[in-house]
Amino acid sequence: MNNREKLEKMDRALRLLDDLRHSQVALIEKASQLQLNAMEFNFSNMEKNMGDLYTRYNESLDMLNEELERFEIRRNKFEHENGLDRPEE
């Protein structure tokens, strides 16, 4: 695999990480809504469980954001070090 192909593969990985981040945000929003619903229904077990899920999903999102940032920095460094940030001649 040449450097250009490697960079393209890194770009695909970045898109996957971003897709995963969007999915994680959706899970957080749904857990939050379900927790609010459980409060209205007076379902204390569900309220607690959805609160726990919300916390876990939020922690997972933090980890994912850190990894996304770390990988993007590494990808950009690779692009620059291999001269792939300049137009092809």
Side-chain angles (χ1 to χ4, degrees):
M1 171 179 341
N2 67 36
N3 287 339
R4 176 71 56 194
E5 292 170 333
K6 188 172 184 179
L7 183 64
E8 288 171 3
K9 197 167 190 174
M10 291 171 129
D11 286 339
R12 284 193 300 273
L14 274 174
R15 286 191 298 276
L16 286 172
L17 284 166
D18 195 47
D19 286 346
L20 187 57
R21 184 175 59 83
H22 287 292
S23 297
Q24 198 67 26
V25 168
L27 287 170
I28 290 168
E29 290 170 354
K30 289 174 184 176
S32 177
Q33 183 60 51
L34 286 168
Q35 185 180 22
L36 290 174
N37 290 346
M39 286 179 199
E40 290 176 20
F41 305 145
N42 200 22
F43 293 162
S44 58
N45 284 343
M46 182 179 173
E47 181 183 342
K48 181 195 176 309
N49 290 335
M50 291 304 109
D52 291 346
L53 276 177
Y54 176 87
T55 300
R56 289 179 191 173
Y57 292 154
N58 222 7
E59 289 170 353
S60 180
L61 179 62
D62 290 343
M63 185 185 339
L64 186 55
N65 282 331
E66 289 172 12
E67 191 57 42
L68 185 63
E69 184 179 337
R70 213 177 2 254
F71 188 75
E72 191 169 20
I73 289 168
R74 185 170 184 157
R75 178 245 177 248
N76 291 342
K77 182 180 176 187
F78 176 83
E79 179 183 45
H80 181 72
E81 286 176 349
N82 290 284
L84 300 170
D85 53 348
R86 294 181 285 253
E88 291 186 45
E89 297 175 13

Practice item. Could you tell me whether Arg70 and Glu67 make a salt bridge, using a distance below 4.0 angstrom between a side-chain N and a carboxylate O? Key: yes
**Study point:** Side-chain ion pair, Arg15 and Asp18, N-O less than 4.0 Å
**Key:** no
[Y] reachable from [X] in the ILVMFWY side-chain graph, under 4.5 Å edges:
X: Leu20; Y: Leu61; answer: no
X: Leu53; Y: Phe41; answer: yes
X: Met50; Y: Met39; answer: no

Atom pair [atom1] ([X]) and [atom2] ([Y]), whose distance is rounded to the nearest 0.5 Å:
X: Phe71; Y: Met10; atom1: CZ; atom2: CE; result: 4.5 Å
X: Leu7; Y: Asn76; atom1: CG; atom2: CG; result: 8.5 Å
X: Leu14; Y: Lys9; atom1: CG; atom2: NZ; result: 14.0 Å
X: Leu36; Y: Glu47; atom1: CG; atom2: CD; result: 9.0 Å
X: Ile28; Y: Asn58; atom1: CD1; atom2: CG; result: 4.5 Å
X: Tyr57; Y: Leu27; atom1: OH; atom2: CG; result: 5.0 Å

Practice item. Walk me through it: do Arg75 and Glu72 pass the test salt bridge (charged side-chain N to carboxylate O under 4.0 Å, His left out)? Key: CA-CA 5 Å; Arg75 178 245 177 248; Glu72 191 169 20; over 6 Å; no
Review point. Does CD in Glu69 sit with more than 12 non-hydrogen atoms of other residues, nucleotides or ligands closer than 6.0 Å?
Key: no
Check your understanding: Counting heavy atoms not belonging to Asn42, are there more than 12 under 6.0 Å from its CG?
Key -> no
**Study point:** Nearest non-hydrogen partners of Gln35 and Gly51, listed with the distance
**Key:** NE2-CA, 3.4 Å
Exercise for review: Decide yes or no for Gln24 and Arg21: does some side-chain heavy atom of the first lie under 4.5 Å from some side-chain heavy atom of the second?
Suggested key: no
Practice item. State, yes or no, whether a side-chain contact exists between Asn3 and Phe78 at a heavy-atom distance under 4.5 Å. Key: yes
**Study point:** Donor-acceptor contact present, side-chain Asn2 to main-chain Arg4, <3.5 Å
**Key:** yes
Check your understanding: Yes or no on salt bridge (charged side-chain N to carboxylate O under 4.0 Å, His left out) for Arg56 and Asp52, after CA distance, side-chain angles and deciding distance?
Key -> CA-CA 6 Å; Arg56 289 179 191 173; Asp52 291 346; 5.4 Å; no
